[in-house]
There are 2 protein chains.
Amino acid sequence: MRLSERKISSIMKQRGYKLTPQRRAVLKIIMGSDNHLTPEAIYQSVREEHQNIGLTTIYRTINILSELGLICEVHTAGSGRSYLVRRPLEHHHHLVCSGCNRVVDFSNCDLADIERKLSEGTGFKIEEHLLEFVGICPDCQQTAES
Amino acid sequence: MRLSERKISSIMKQRGYKLTPQRRAVLKIIMGSDNHLTPEAIYQSVREEHQNIGLTTIYRTINILSELGLICEVHTAGSGRSYLVRRPLEHHHHLVCSGCNRVVDFSNCDLADIERKLSEGTGFKIEEHLLEFVGICPDCQQTAES
DNA sequence: ACTATAGATGAAAACCTTTATCGTTTGTAC
DNA sequence: GTACAAACGATAAAGGTTTTCATCTATAGT
Ligand SMILES: [Zn+2]
Ligand SMILES: [Zn+2]
Ligand SMILES: [Zn+2]
Ligand SMILES: [Zn+2]
């Protein structure tokens, strides 16, 4: 299942958050991009159409979306945070282009075996895992060659 | 192979860095802990014996150790950085306790299959991966029960 | 429509983490 | 021991994120 603006709107309202024009503008930018975006980048993009919005509102909106599980954070993006809209709702991971920040989602993470062995070997009760791949996308490979 | 203080000392000198008392003190704290430590935590620990050291020196030392590949960074540690000494020198990953920050290293990460499939499916040239597990260690499980 | 209420906004200040600056101190090589 | 480069600590500066607060909606009840 993928997230539509309608669905996001309904989730937010259900949890007591209003879908204001500012939040709609932030959502539009995040949903319209294939790349992961920093708060500053979102700010700059939103500002092109909505020049009065404050950076504070960007952060507030990001934090809400994150709390509701509607956006994904990328961890291999250097210092600082970077987000993109949650495209598959189910458990998944990211393949990130180090050239243009494009993100491809994938769901076939088969870590159950490793997880079980690790758990048996260490006695840890494993709660979550973080898996991300970094590479160069076809477009950026071409750009690099030419 | 594991890193001894002697080995680290030789690597640092070879790369033009002096092993000062301050750096030795930072190393002692990092090497003496099974947990990942934030710069601030390292600062506090080092200060107990070396009360005049500056936070700047902690950061400078961490950055050198990181550049030389002598420490590992943990990515699932919330906001901000956290480090521990690099115990296996070869490629490896971390299992982190969310209770006490203890870290267990493991080397049998078998992501080659996933990586090949991903590469074929997307056309990405994959350069690196990030894999980390989070769980509760046996000690913290007991603490939680009692 | 009018008002009351709760929530959201933007500007500014505060906060926290990390890095740069600079005068002084320390290690190392001769 | 002297000379030199490197490292130190204090402080300031730079980023990035959150708090504060007065103002401004949006919504619901009248
Ligand atoms: Zn995602
Ligand atoms: Zn790319
Ligand atoms: Zn490690
Ligand atoms: Zn633990």
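Here is the naming used below: chain letters follow the sequence lines, and residue numbers restart at 1 for every chain. Worth knowing before you read on, the calculation uses all heavy atoms, side chains too, and leaves out hydrogens, waters and symmetry mates.
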Could you work out, with side-chain contact (heavy atoms from CB on, under 4.5 Å) as the rule, every residue matching [X], not counting sequence neighbours?
X: B:T57; answer: B:Q22, B:I53, B:R60, B:T61
X: A:R6; answer: A:S4
X: A:V134; answer: A:T76, A:S98, B:E127, B:E128
X: B:Q141; answer: A:K125, B:I136

Can you check the [X] [atom1] to [N] [atom2] distance for me, whole Å?
X: A:I53; N: D:dT25; atom1: CD1; atom2: P; result: 14 Å
X: A:Y17; N: C:dT9; atom1: OH; atom2: P; result: 12 Å
X: A:I64; N: D:dT17; atom1: CD1; atom2: P; result: 16 Å
X: B:E73; N: C:dT17; atom1: CD; atom2: P; result: 15 Å
X: A:L37; N: D:dG16; atom1: CG; atom2: C1'; result: 17 Å
X: B:Q51; N: D:dG9; atom1: CD; atom2: C1'; result: 14 Å
X: B:Y43; N: C:dT18; atom1: OH; atom2: P; result: 14 Å
X: A:I58; N: D:dT19; atom1: CD1; atom2: P; result: 17 Å

For this session: Could you say whether B:R23 or B:R47 is positioned toward the 5' end of DNA chain D, judged by the nucleotide with the nearest heavy atom to each?
Result: B:R23

Seminar exercise, completed: B/S/- along nucleotides 19-30 of chain C (protein heavy atoms under 4.0 Å) is BBB-----S---

Exercise. Should the ring pair B:F106 and B:F133 be called parallel, tilted or perpendicular, given that the plane angle runs from 0 to 90° and is split at 30 and 60?
Worked result: tilted

For this session: Not counting sequence neighbours, which residues clear side chain to side chain donor-acceptor pair (under 3.5 Å) with A:K18? List them please.
Result: none

